[in-house]
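For reference, the structure discussed in these notes is given below.
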Amino acid sequence: MGERRKQNAPRGEHKKIVNGAKDHGGQWGRAWEVDWFSLGSVIFLLMFAPLIVYYFVMSCDQYQCALTGPVLDLYSGKTQLSDIWKKTPLITWEAVYIYAAWVSFQVFLYMLLPDICHKFLPGYVGGVQEGARTPAGIINKYQINGLQAWIVTHILWFANAYYFHWFSPTIIIDNWIPLLWCANILGYSVSTFAMIKAYWFPTNVKDCKFTGNVIYDYMMGIEFNPRIGKWFDFKLFFNGRPGIVAWALINLSYAAKQQELYGQVTNSMILVNILQAIYVVDFFWNEAWYLKTIDICHDHFGWYLGWGDCVWLPYLYTLQGLYLVYNPVQLSTTAAVGVLLLGLIGYYIFRMTNHQKDLFRRTNGNCAIWGKKPKYIECSYTSADGKRHYSKLMISGFWGVARHFNYTGDLMGSLSYCLTCGFDHLLPYFYIIYMGILLVHRCIRDEHRCSSKYGKDWKLYTDTVPYRLLPGVF
């Protein structure tokens with residue numbers, strides 16, 4: 001849910017097409033048939049994921065971010081569920097106006113402001129770009145302008161904070177729980193609309209998957225790339241905007257609140273803002289690359305992405321900053337430098353691993369990785385239209401160290417966010433626990449797809465690069 005720019009399309013993507021019989025094309029994307037375990041997992045997430053988000057936010061609002069606080073009070077009889085609910089702020093018209101204006105502004109930036117950043121930023125790829133081939137053999141075009149939207153949004157934010165003063169910089173955290181109800185309304189609405197659309201007016205019938213199980217289809221999605229008109233792509237918009245554009249603004253609002261409450265912004269809050277802003281800017285700088293990742297290449301659009309991007313991502317990925325509002329932490333210089341280095345090294349591994357893959361793909365292997373011509377294994381697969389394609393799986397550089405070494409860097413960065421908060425509470429560490437589970441699951445899910453797609457070629461690849469994340473361990 002709320003899947004951050006995740007991350008592994010098959011490596012080395014030079015492809016050629018010849019006629020061939022259909023084989024594994026039907027196994028792309030999510031499942032055609034649903035087993036009982038998958039259905040149980042889906043029902044569990046639908047029931048409990050919204051409660052998890054509420055519980056975390058409520059614990060900070062009412063218990064200083066102590067996750068055990070509500071449970072102990074309920075167990076001891078000090079409070080009742082009704083008491084907790086009565087203390088919870090409800091949706092307000094102010095929150096509705098704020099959220100509606102925010103989403104509408106991001107739609108405007110996405111649809112009506114073509115990218116110009118690629119014209120003057122060296123190395124940045126924006127404007128109209130092609131995505132990966134869908135299971136039906138279609139290559140969609142996308143308007144890549146996320147970096148521009150992020151820049152415009154933050155220029156306006158800082159202009160307001162330091163000059164115009166239209167609203168308080170603490171506006172987000174001051175309305176945090178009412179905005180949660182607004183985000184839930186949008187998440188459920190867009191997920192429901194996507195399902196109705198898949199039945200009545202799908203963008204491409206051949207890229208739809210119906211399992212016959214309504215609950216699973218609602219959760220995991222039916223349409224592969226639902227669109228309205230030529231350019232409004234549900235997956236690209238909701239995966240990147242409004243949640244990820246808001247990420248840095250949410251952290252800035254937390255910092256402003258800390259300044260308001262305590263008269264200073266702690267170095268831990270500054271670290272959270274810097275490290276997570278690097279992540280967010282990197283996402284938008286590489287938005288064209290994102291078109292080749294699992295989110296776009298394999299996931300269908302349902303509640304998992306729709307609600308997850310609207311609610312799970314902005315509310316749970318920003319827990320460190322929220323925690324520091326209620327529990328300010330001033331790290332020692334040594335600890336602060338250590339956390340910063342961990343985050344930067346993790347980012348370097350993450351970015352360089354993906355850079356090696358992209359360089360290999362762009363040059364069809366005619367490049368240097370760690371000073372040598374890269375080695376690769378050539379694989380073949382067949383899409384749903386019966387055409388045979390060829391890919392090259394690189395086994396040099398970081399991709400020769402582990403099959404998902406970019407995830408290793410990602411986990412290092414995730415841990416650095418959590419370490420800014422010290423060790424007094426478990427809540428800030430939910431993020432690294434969640435990311436660990438998510439990325440291990442991603443490894444397994446990605447490799448299952450690749451095994452189905454490439455067959456014996458994938459077995460040869462895994463024999464050559466035997467470890468997923470940590471050499472000698474896993």
Side-chain angles (χ1 to χ4, degrees), residues 6-35 37-38 131-139 206-211 220-221 224-225 291-300 353-354 356-358 360-365 369 374-407 439-469 471 474:
K6 303 287 178 230
Q7 247 128 314
N8 256 2
R11 305 130 186 91
E13 306 251 355
H14 175 66
K15 303 172 184 175
K16 51 185 176 180
I17 305 173
V18 298
N19 291 331
K22 177 180 178 181
D23 50 16
H24 299 299
Q27 297 193 37
W28 286 25
R30 66 162 179 78
W32 283 99
E33 299 178 354
V34 185
D35 56 47
F37 178 78
S38 297
R133 189 181 306 277
T134 73
I138 296 169
I139 298 178
K206 293 182 179 179
D207 275 330
C208 292
K209 279 190 176 181
F210 297 90
T211 65
M220 301 306 296
F224 196 65
N225 291 111
L291 301 179
K292 311 293 183 180
T293 62
I294 282 179
D295 290 355
I296 302 296
C297 294
H298 293 286
D299 288 341
H300 291 241
T353 304
N354 286 305
Q356 289 177 357
K357 178 181 66 177
D358 294 339
F360 179 82
R361 179 196 302 136
R362 291 196 311 268
T363 62
N364 189 26
I369 301 294
K375 298 178 181 179
Y376 60 87
I377 294 173
E378 187 161 355
C379 304
S380 64
Y381 65 95
T382 303
S383 57
D385 59 3
K387 295 179 180 179
R388 183 163 292 278
H389 310 268
Y390 293 90
S391 290
K392 295 175 180 177
L393 305 184
M394 183 169 59
I395 55 174
S396 294
F398 283 122
W399 295 101
V401 176
R403 300 196 293 270
H404 306 272
F405 207 58
N406 51 345
Y407 289 1
L439 293 183
V440 169
H441 175 258
R442 280 254 166 169
C443 289
I444 297 170
R445 186 169 65 136
D446 179 40
E447 295 193 1
H448 174 73
R449 287 196 182 106
C450 289
S451 179
S452 298
K453 183 177 178 180
Y454 295 122
K456 65 180 186 301
D457 293 333
W458 181 255
K459 178 64 167 58
L460 177 61
Y461 172 70
T462 57
D463 288 343
T464 306
V465 186
Y467 295 102
R468 290 187 173 104
L469 291 173
F474 176 73

Taking only residues two or more places apart in sequence or in another chain, which ones pass side chain to side chain donor-acceptor pair (under 3.5 Å) with N225? N140, Y142
Results of side chain to side chain donor-acceptor pair (under 3.5 Å) for S396 - residues two or more places apart only: none
Side-chain contact test, heavy atoms from C-beta onward, threshold under 4.5 Å: evaluate it for [X] versus [Y] and give yes or no.
X	Y	result
V401	T353	no
K209	M220	no
K453	W458	no

Go through it in stages, so that I can follow the logic: the residues are V440 and F474, the test is side-chain contact (heavy atoms from CB on, under 4.5 Å), and I'd like the CA-CA distance, side-chain angles, deciding distance and then a yes or no. CA-CA 10 Å; V440 169; F474 176 73; 4.1 Å; yes
Donor-acceptor pair, distance only, cut-off 3.5 Å: does the side chain of [X] make one with the backbone of [Y]?
X	Y	result
D207	A136	yes
R403	V465	yes
S451	E447	no

To the closest 0.5 Å, what do you measure between [atom1] ([X]) and [atom2] ([Y])?
X	Y	atom1	atom2	result
T134	K206	OG1	NZ	10.0 Å
H441	D446	NE2	CG	11.0 Å
Q356	N354	CD	CG	9.5 Å
K357	I369	NZ	CD1	12.5 Å
L460	I395	CG	CD1	8.0 Å
E378	Y390	CD	OH	7.5 Å

Lys/Arg-Asp/Glu bridge criterion (N-O < 4.0 Å) met for R449, D299: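 A salt bridge links R449 with D299.
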Run the ring-ring contact (aromatic ring centres under 6.0 Å, His included) test against F398 and tell me which residues pass, sequence neighbours left out. W370, F405
Which atom of [X] lies closest to which atom of [Y], heavy atoms considered:
X	Y	result
L469	Y407	CD2-CB, 3.4 Å
P374	F360	CG-CD1, 3.6 Å
M394	Y461	O-CE1, 3.7 Å
G131	K292	O-NZ, 3.6 Å

What is the ring orientation for Y381 with H389, classed by angle as parallel under 30°, tilted 30 to 60°, or perpendicular over 60°? parallel
